[in-house]
Each structure stands twice: as structure tokens, then as C-alpha cells.
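Working notes for the structure below.
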There are 2 protein chains.
Amino acid sequence: MVQFNAQHFDTSFAALSDATRRGVLEQLARQDASISELAETFEMTLTGMKKHVSVLEQAGLVVTEKVGRVRTCRLGVSRLEQEAAWIERYRQMWAARFNELDKVVEELKRREKANGRPS
Amino acid sequence: MVQFNAQHFDTSFAALSDATRRGVLEQLARQDASISELAETFEMTLTGMKKHVSVLEQAGLVVTEKVGRVRTCRLGVSRLEQEAAWIERYRQMWAARFNELDKVVEELKRREKANGRPS
DNA sequence: ATTAAACTGAACCATATGGTTCAGTATTAC
DNA sequence: GTAATACTGAACCATATGGTTCAGTTTAAT
């Protein structure tokens, strides 16, 4: 079960914080793959890759289905919408903060100019 | 020193994967703060908060300056541009992948319709 | 000159992470 | 029926993470 509370961000950002897992996402974007195939691509044991896939699955970034003896992995429903939104909000706050600084700097320049002029 | 190689994503996504650290970023977006102030907000020891700030600093999300005995923390230069770009690229691959599926579904529908019609 | 405040570093702790090996189980191929 | 394939789970390992306490150091206030 994918979570949607505050922990949600913890889970998905953590999932993205590993190069192998980001690589898995890129591979799955091109084509669905089995655990074996992913393990081979990233030169890792099956067990190791299984763990990575589980992490991605927890984050809702990947879904898997086992038919016969092979488990097929595909991109999940999470389009990282909330994560993109969080980052965008941060960027806006960042911008707002620095616009404030710009205003201060402008104000200082204005005053300096006024002082430089003989009263 | 902030890193800009492949590890860069590891570092910054990991930095974002903790609720306290995301909270610190939001607080700093409103106003610069000392370690003490941040520690108080998040009900944590100074030492604990110092560690979080260090993680954010490593990721370039925060810069600090110590004057006198207080270290002031402010938002850093990283505007998460590359991170936002990575996520956007992922979203586009995701979309492309599902458009493909849509095409397949449409094709199936088309054929079904054709078959349903008496030849 | 003392004392208090603000940080810092080392040491410690419990738990998580990223990997492995080894020993299964279930499917498929021969 | 036997053997190979594909995965799975348990156990283990080293290192990282998120937190603490304790013992400093430096700076500011009295």
C-alpha cells in the first residue's frame, strides 16, 4: 500500500536518492523488465535488485506483477506530481526571499545616490 | 564544497527525504535563523540540528556564516533546478510510455470494431 | 573576573540501508 | 522425472542516519 501522508515525501525522495534506483526508473521508462534483467543491467544479485524494486514499489514509482516464475516491473502510477509541486513551491519561496533582498539592495543604492549628491 | 557529479542527486534527494530538513528549508524561506532557533522550532538538541544543517549545506540548499558566537543559516544558491529537471524528464518519459499504451489500446479497439462488423 | 550563551566535536546508541550468501520454492524446459 | 530458471526469505555484514549526552571553546553580558 502506497502512503499519502507526510511520510510520503520521505519515502519517495529517499527512493530517488539512489543512483541505481533512478537508473531502474529510466530503464523501465524505455521498457518493462524482469528482476533478472534489471539485476543484470546493474550488475547486482537478484536479491539486491529485488530490494531496490521493493523500495520503488513502496514509493509507488513502480508496480510489479508475477506471472509464472518471472516478476515483471513497470512504471507505477506515481508521476511525482506532489514531489514536483513541493520543489516548485520551494523554488517560489526561494525566489520571493531573494526578491526581498533585491529590494533592500535597490533601496541602499537609492539612498547612496541621494547621499552622494551635494545637499 | 558542493558536488555536481552523479552523486549530486544522491545528496540532494537524500537531504529532501527528511521531514525536519524540509521544515528547516521552509522556515529559512521565511527568515534566516540561527542553529538555536531552528533547534527550538523542531524540539531537538543543538547538536542534532547542527547535523541536519550540515546535510542541507552539503546539498547546497543552505549556507551558513558564523559571526560572533552565533551561526546564521540562510537559503543557499541551489534552487533545485537540476532536481526539478530530473523529475520533469521522468514525468515526460512516463507520459510517453503511457501514450504508447494508449495507442495500443486504441489499435485494439479499432480492430475489435472492425471484427464486430460483418465482413 | 565570572558567568551564561551558542556552538562544536567526540563518543555512543538504535535503527536503516545497500549489499552479500545460502537455502529454499515454484515454474518451465528437456 | 530431472534439471535449470527465476525468484524469495533469512541471516549476515559494513556503513550511514538520526538522534542523544558530555565535555569542551569562544564570545558576550554583568
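Quick note on labels: first sequence line is chain A, next is B, and so on, each numbered from 1.
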Would you indicate what A:Lys51 reaches in the nucleic acid, counting non-hydrogen atoms under 4.0 angstrom: base, sugar-phosphate, or nothing?
-> base
Whole angstrom is fine here: how far is it from CG in A:Leu38 over to P in D:dA6?
-> 13 Å
Between A:Thr64 and A:Glu57, is any pair of side-chain heavy atoms under 4.5 Å apart?
-> yes
Out of C:dG19, C:dT8, D:dG19, minimum distance to the side chain of B:Met44 belongs to D:dG19
Can you find a heavy atom in the side chain of B:Arg97 that is under 4.5 Å from one in the side chain of A:Arg74?
-> no
Intermediate values then yes/no, side-chain hydrogen bond (donor to acceptor under 3.5 Å, both in side chains), A:Glu65 and A:Thr72 = CA-CA 5 Å; A:Glu65 186 196 6; A:Thr72 301; over 6 Å; no
How close or far is atom C1' of C:dT20 from atom CZ of A:Phe42, stated in whole angstroms?
-> 19 Å
Over how many whole Å does the gap from A:Met49 atom CE to C:dT17 atom C1' extend?
-> 15 Å
C:dT21 C1' sits how many Å from A:Lys50 NZ, rounded?
-> 16 Å
Separation of C:dT25 atom P from A:Lys66 atom NZ, nearest Å, is 13 Å
Select from B:Arg21 and A:Thr72 the residue whose nearest nucleotide in DNA chain D is closer to the 5' end of that strand.
-> A:Thr72
Look at the side chain of A:Arg69 against the base of C:dA26 and say whether a donor-acceptor pair falls under 3.5 Å; ignore hydrogens and angles.
-> no
Check whether any side-chain heavy atom of A:Met49 lies under 4.5 Å from a side-chain heavy atom of A:Thr20, and answer yes or no.
-> yes
Please work out if B:Gly68 contacts a base, only the sugar-phosphate, or nothing of the nucleic acid, heavy-atom cut-off 4.0 Å.
-> sugar-phosphate
Rounded to the nearest angstrom, tell me the gap between atom CD in B:Glu43 and atom P in D:dG19.
-> 12 Å
Would you classify B:Ile35 as touching base, sugar-phosphate or nothing, given that sugar-phosphate means primed atoms plus P, OP1 and OP2, and contacts are heavy atoms under 4.0 Å?
-> sugar-phosphate
Among the nucleotides D:dT8, C:dG18, D:dG18, which one has an atom lying closest to any side-chain atom of A:Arg71?
-> D:dT8
Charged N to carboxylate O under 4.0 angstrom, A:Arg21 versus B:Asp10?
-> no
Can you check whether any acceptor in the base of D:dG9 is under 3.5 Å from a donor in the side chain of A:Thr47, or vice versa?
-> yes
Length of the CG-P vector between B:Leu46 and D:dA23, whole Å | 17 Å
To the nearest Å, give me how far apart CG (B:Asp18) and C1' (C:dT15) are.
-> 14 Å
